[in-house]
Amino acid sequence: MLTTVLRGLAAASLAALPLTVSSPAHAAETLPLAEAVTRLPVDTESRDGYNRDAFRHWNTGDDPADGCSTRNEVLIAEAVEPPTVGPRCRLTGGSWWSYYDQVWVTSASGLDIDHMVPLAESWDSGASAWTPERREAYANDQGAAASLIAVTARSNRSKADQDPSTWLPPATEVHCRYVAEWVATKLRWSLTADEAEVAALDEAAAGCPDQSVTYEPAA
């Protein structure tokens, strides 16, 4: 399927790629990265009331009939070499490319599924006002290739809930791609950015003149 193919290609590529999403309900828009940053609403952030449990995940995924959680559906979709899917969606074998740190991973247990914009950051940026259903949709979003990314547990936990003003992937050659995917995710979900974040994104965009961002608003 298209999303699966795009994820597999993106995982294996070291080049800066535009983010592509597949929801048919809204027209996609493609912008230069620098222009896309200007589309982000600027506002202060607040962590007041945040609880990770406010975002139900992992749910039964895009295909409840397959017996796989969102986590395993993402792992299957992003595998460069497909794993064997056993009873109760147990995954064995397979290989993945963790683009944050340019590492091959050959065990699903060595991977985390990173929310491109972390749950806490999304709360700070507007998700605190959402319904529980919309927060669940966000936390399990497979409608955009970069919303959920399979990466090494080490790189994901290094990132934690930080935005690009304080964290970028350890592999400097993927910074343009990462920033574009961050901006696309925020635009997709109409999330705000604070001043320090926008300053960091502007600086990154200046160094990525050929990077584009393609996004569709979430339903």
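What you are looking at is a predicted structure, and each value in this text was computed from that prediction instead of being measured.
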Item checked: Output field: ring centroids Y215/W189 closer than 6.0 Å -> no
Margin query: Please confirm whether the ring centroid of W104 lies under 6.0 Å from the ring centroid of W96.
Written below: no
Check: Residues in salt bridge (Lys or Arg N to Asp or Glu O under 4.0 Å) with D163, at least two apart?
Finding: none
Next item on the list: Tell me, please, which residues at least two apart from A54 pass side-chain contact (heavy atoms from CB on, under 4.5 Å).
Entry: W123, R135
[X] versus [Y], closest heavy-atom pair with distance:
{"X": "D101", "Y": "P170", "answer": "CB-CG, 3.8 Å"}
{"X": "M116", "Y": "P118", "answer": "O-CD, 3.5 Å"}
{"X": "A193", "Y": "K186", "answer": "CA-NZ, 4.0 Å"}

For [X] and [Y], indicate whether the former's side chain and the latter's backbone hold a donor-acceptor pair under 3.5 Å.
{"X": "H175", "Y": "P169", "result": "yes"}
{"X": "E45", "Y": "S125", "result": "no"}
{"X": "Q211", "Y": "G207", "result": "no"}

Notebook entry, point to check: Which residue pairs satisfy the side chain to side chain donor-acceptor pair (under 3.5 Å) criterion with at least one member in residues 61-70, sequence neighbours excluded?
Noted result: N59-T70, T70-N140
Notebook entry, point to check: Nearest 0.5 Å, what's the CG-CH2 distance between L187 and W182?
Noted result: 12.5 Å
Checklist line | D161 side, atom CG; Y50 side, atom OH - distance, nearest 0.5 Å | finding: 7.5 Å
Check: Does the pair E181/R188 count as a salt bridge with the N-to-O cut at 4.0 Å?
Finding: no
Check: Of the options D210, D202, L201, V213, which is the one that meets L33 in a side chain to side chain contact (heavy atoms under 4.5 Å, CB included)?
Finding: V213
